[in-house]
Each structure stands twice: as C-alpha cells, then as structure tokens.
Amino acid sequence: MTEEDQCFYLTPEQLKVGLYIHIDLPWFSHPFSFNAFKIRSPEQIRELRALPVKRFRYDPDRSEASALPAVKLTVEEASEPPAHPEPQADDPSLAAKRERMALLKERRQRVSEVERAFLKATSIMREVNRNLFAKPAHCLEEVGALVGQMVDVFLNQPELTLHVMGDKVGGDEAYYHGLNTAILCMMLAKDLGFSRDQGRILGLGALFHDLGQADIPDRVWRKSEGLTQAEDNLRRLHCEYGVRLGKQINLPAPVLNVIAQHHEMMDGSGYPAGLRGEVIDPLARVVALVNHYDNLCNPVDSLKALTPHEALSLIYAQRRARFDAQVLQLLVRRLGVYPPGTIVKLSNDALGLVSSVNERKPLRPWVLLYDPAVPKDEAIMVDLEREVDINIAKALRPAQLPPQVHEYLSPRRRVTYYFDAESSGNGARS
C-alpha cells in the first residue's frame with residue numbers, strides 16, 4: 001500500500017489541540033466554518049465530540065508534532081468509516097450555521113440582483129454610445145437617469161458593499177471602463193461629503209471622461225505597447241477632443257472640466273496642461289485616481305493586468321504623489337487592503353476569492369472559499385471578522401491557481417464593479 005493510500009483516524013476521545021482534522025460530514029451538518037482545520041482550543045474539541053462522528057481523519061503533515069498520536073490506521077485497517085446519523089433539527093450547535101446559511105442564500109440573491117442591474121446599466125451605455133451624436137438630448141436624459149440611481153444609492157444609503165460581477169456580462173470593454181470609473185467615483189463622492197449635484201456631475205464626468213476616444217483610431221487607442229511619439233501625442237489629444245465633442249452635445253461646463261483634466265496629476269506630471277495641486281478641479285482629481293486604478297486592473301493587454309491588490313499597492317507605494325492624498329486614502333479604505341476580486345490563500349491553506357470588503361477591519365473581508373466537497377453554486381462564503389483564528393496569508397494571481405480551483409472560483413479576466421445597498425445592520429484606460 002502506498003503512502004497516498006493511507007488515512008489516519010482518531011476517536012473523539014483522542015482529539016488534541018494542534019491536530020489538523022477533517023470532518024467527514026456535509027458542511028451544513030456541523031457548526032464549523034470549514035470541513036478541515038487545525039484544532040485551536042478545548043472548546044472546539046468539545047464541539048467536535050458532540051458531533052455524531054465515531055472517528056475523525058487527521059493529517060499528520062499539517063498537525064503539530066506534539067499532538068500526533070502513536071497509532072495510525074490505513075484505509076484497509078479502518079475500512080469504511082461508519083455511516084453518521086443526520087443531526088437533529090433542533091440541535092442547538094447548528095443554529096448559528098443554519099442562520100449563516102440563510103444569510104449566504106440572501107447574499108447570493110443580492111449579488112444576482114446586482115448583476116442584473118449592471119447588465120441594464122451596460123445596455124443603457126451601449127445605446128448611448130450608438131446614438132449619442134444622433135440623439136444627444138435623449139441619450140443625456142438616459143445617462144442622467146442612470147447617474148441619478150447611482151446617486152440615490154451612494155449618497156443616501158449606508159452600508160455599501162462592492163461586488164465583483166461576472167466575466168463579460170456587459171459586452172464591450174468601453175462600457176466596463178466607463179461604468180467601473182463612475183461607480184467607484186460615486187462611492188468616493190459619498191465619502192468625500194459631496195452634495196447630490198456634485199455627485200451627479202462626478203458621475204457624468206466619469207462616464208464620459210474618455211469621450212474623445214471616438215476621434216482616435218482604434219489601431220492607436222487599443223495599441224498596448226510600442227507607441228511612437230506621434231501615436232502617444234495623438235492619444236493624449238483625447239482630452240481636448242472630448243471637450244470639443246462634449247460641447248457639441250451640450251454637456252455642462254463642470255463635466256467638461258472633468259473630461260479636460262482627468263489626466264492631470266497633483267505633482268504636475270500629467271497632461272494636457274501639466275496642472276499641479278489645488279489648481280486641478282476636485283472632481284477631476286477623483287476621476288484621475290479611479291481611472292488609473294481601473295486601467296491597471298484592466299489594461300488593453302490583459303496579460304499585463306494587475307490584481308486589485310497589486311494595483312492598489314503599486315499606487316500607494318510608488319505613485320501616490322500623483323494623486324490627491326485624501327482621495328487615495330478614501331479609495332484604500334473603500335476597497336480594503338484586499339479589494340474585491342483578489343485571490344487569497346488563508347492561514348489554514350484554504351484558497352478563496354475576496355467577495356467584499358470590511359471597512360471596519362480591512363484585513364478581514366468576506367471570502368468565497370474553494371471546497372471541492374461543496375457544489376460551486378453553493379460555495380461557502382466566510383466573514384473573516386468572525387473567524388478570529390484565520391487570516392489572509394497572501395494574495396495570489398489567478399495564473400497561480402490549479403485549473404480546478406481556477407474554474408471553481410472563476411476569477412475574471414476583467415474586474416468589474418457594481419454596488420449592493422445593504423440595510424444597516426446586515427453587515428455589510430487611458
């Protein structure tokens with residue numbers, strides 16, 4: 001018999017702190033967040049012994065040496081573990097688990113609703129892009145209504161949570177970038193204390209910040225590297241072109257300011273005018289930062305895409321002089337240290353995808369877990385604020401995942417955002 005064929009079993013009485021054990025029960029049949037974990041306390045041992053389990057599998061390689069028993073049983077010696085009776089419906093140890101399962105079901109429903117809202121918003125922007133110059137008044141009315149809905153959510157409702165949406169749910173990349181920028185900007189509008197009118201102007205400016213792209217040939221606009229000086233100069237003209245096109249469709253002057261200045265930098269290194277510091281329009285400063293962040297996550301060449309965690313870390317560590325310090329601080333707080341979409345490895349070796357942030361404790365977000373024993377559409381989400389013994393060990397790139405984990409977690413080639421307004425008390429390009 002090979003080493004791979006060996007399993008190691010213990011009776012409940014042999015359990016000790018330091019052992020890494022597996023619970024061979026369905027996830028919903030026990031009160032623990034994970035089906036496998038290292039025992040950390042006598043309280044966990046008491047809860048494990050209360051389960052309808054006659055013996056537990058354990059992993060010697062993940063257990064502390066001082067906790068290892070002297071006897072090991074092979075699969076042949078142990079035969080098949082006995083059938084375990086289902087827990088009683090009134091079992092008090094499972095009350096918290098049942099409550100959490102109900103919350104997870106509700107959370108998945110909200111995510112589904114948010115995805116539908118994003119699809120609708122993308123559809124509106126697709127029509128606007130198609131008809132903006134033929135029917136400018138109608139298109140601006142449509143966009144105004146869309147921005148109004150965002151303002152209602154971000155400026156008037158508490159406990160906002162970012163969610164990461166499905167791959168290519170909207171279609172064209174241009175719609176993603178405009179919506180990503182607008183949505184994140186309007187989250188910051190609330191944090192910055194902007195008025196409703198300021199929020200509306202910011203939303204319009206963010207949605208239309210790359211309007212001048214329409215006058216740049218795709219072969220130049222979508223070129224990912226090796227730009228000639230002439231091509232770079234042409235791309236930089238999209239700010240000027242955007243202002244001209246914006247005047248043609250009667251965009252308000254404050255929106256034109258955002259379009260004109262969304263590449264200006266606080267240290268004077270931006271374009272087209274090389275403005276510096278407080279001279280830059282406050283709304284344009286917000287768009288400049290969010291635009292840069294989204295372009296790092298979603299560049300023209302997807303092979304160069306940074307994870308949300310990497311993008312935020314790069315901006316903060318190496319480029320923060322370019323951006324408004326207050327806006328950057330609030331973006332970090334809003335997105336968390338591990339922004340939604342970040343693949344993480346936990347301290348118990350579990351792999352997962354950050355689902356949403358915890359503003360109170362940015363190191364302890366919600367994480368969707370990989371567990372092959374749980375169907376993908378019922379994947380477990382854990383609130384690390386409640387899991388005091390578990391931490392994020394490190395962030396991973398999607399390419400580092402084994403194929404089966406990648407497929408299960410479905411990390412997107414693009415990162416897109418939409419909002420989910422939770423009631424107070426539920427927790428939460430160029």
Side-chain angles (χ1 to χ4, degrees), residues 114-115 117-133 135-136 138-151 153-154 162-189 199-216 218 221-222 235 238-239 241-243 245-246 249 251-252 254-263 283-300 302 305 308 311 331 412-419 429-430:
V114 166
E115 186 172 25
F118 190 85
L119 282 167
K120 181 178 179 181
T122 307
S123 177
I124 291 172
M125 291 308 299
R126 182 184 295 113
E127 289 302 311
V128 166
N129 186 72
R130 189 175 298 156
N131 299 310
L132 183 58
F133 299 105
K135 303 175 182 178
H138 172 73
C139 288
L140 290 182
E141 183 178 346
E142 287 281 296
V143 172
L146 176 61
V147 170
Q149 294 170 14
M150 295 180 186
V151 171
V153 171
F154 290 124
L162 276 170
H163 284 286
V164 183
M165 296 292 92
D167 185 26
K168 295 185 179 180
V169 292
D172 194 293
E173 292 182 357
Y175 310 135
Y176 280 115
H177 181 59
L179 284 171
N180 280 355
T181 305
I183 290 162
L184 293 180
C185 281
M186 297 190 71
M187 284 189 173
L188 297 178
R200 183 178 61 83
I201 293 298
L202 178 61
L204 286 171
L207 283 171
F208 287 122
H209 73 277
D210 278 339
L211 180 62
Q213 169 191 345
D215 281 353
I216 307 293
D218 274 356
W221 185 257
R222 297 190 179 279
R235 285 178 64 162
H238 79 278
C239 298
Y241 293 169
V243 171
L245 294 173
I249 60 175
L251 286 176
V255 176
L256 298 178
N257 286 340
V258 172
I259 294 173
Q261 299 180 19
H262 75 275
H263 279 290
L283 302 184
R285 294 179 220 163
V286 180
V287 176
L289 173 58
V290 174
N291 174 61
H292 188 68
Y293 167 77
D294 190 63
N295 282 330
L296 290 174
C297 294
N298 300 309
V300 174
S302 61
L331 182 66
R412 281 141 293 277
R413 186 180 66 178
R414 294 187 53 82
V415 178
T416 55
Y417 311 93
Y418 208 71
F419 53 86
R429 185 91 16 240
S430 174

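Heads up: numbering here begins at 1 and tracks the sequence. Because only heavy atoms are used, hydrogens play no part in the values below, and waters and symmetry mates are left out as well, while side chains stay in.
Remark: of the listed residues Leu202, Val287, Val286, Val287 is the sole one forming a side-chain contact (heavy atoms from CB on, under 4.5 Å) with Val258.
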Under the side-chain contact (heavy atoms from CB on, under 4.5 Å) rule, what do Leu204 and Arg200 come out as? Steps first, then yes or no, please. CA-CA 6 Å; Leu204 286 171; Arg200 183 178 61 83; 3.9 Å; yes
Set out, in order, the CA-CA distance, both residues' side-chain angles and the distance that settles side-chain contact (heavy atoms from CB on, under 4.5 Å) for Arg130 and Lys135, then state yes or no. CA-CA 9 Å; Arg130 189 175 298 156; Lys135 303 175 182 178; over 6 Å; no
Any chance you could lay out the side-chain contact (heavy atoms from CB on, under 4.5 Å) test for Ile249 and Leu132, step after step, and finish with the verdict? CA-CA 8 Å; Ile249 60 175; Leu132 183 58; 3.7 Å; yes
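Ala288 is linked by a side-chain contact (heavy atoms from CB on, under 4.5 Å) to nothing, counting only residues two or more places apart in sequence or in another chain. Legend: residues meeting side-chain contact (heavy atoms from CB on, under 4.5 Å) with Val243, ordered by chain and number and at least two apart, are Lys247, Ile259, Ala260. When the side-chain contact (heavy atoms from CB on, under 4.5 Å) test is applied to Cys239, the partners found at least two apart in sequence or on another chain are His262, His263, Tyr271, Pro272.
Note: Asp294 CG to Leu289 CG = 11.0 Å, rounded to the nearest 0.5 Å. Atom CG in Leu251 sits 11.5 Å away from atom CG in Asn257 (nearest 0.5 Å). In this structure, CG on Leu245 lies 11.0 Å from CZ on Phe208, to the nearest 0.5 angstrom. Atoms CG and CD1, from Leu179 and Ile124 in turn, are 9.0 Å apart once rounded to the nearest 0.5 Å. Annotation: the span from Asn129 atom CG to Gln213 atom CD amounts to 8.0 Å, rounded to 0.5 Å. Between the CZ atom in Arg235 and the CD1 atom in Ile216 there is a gap of 9.0 Å [rounded to 0.5 Å].
A donor-acceptor pair shorter than 3.5 Å cannot be found between the side chains of His177 and Asn298. The closest side-chain donor-acceptor pair between His209 and Asn291 falls under 3.5 angstrom.
Taking every heavy atom of both residues into account, Leu211 and Gly246 meet most closely at CD2-N, 3.6 Å. Between Ala189 and Gly199 the shortest heavy-atom distance is CB-CA, 4.5 Å.
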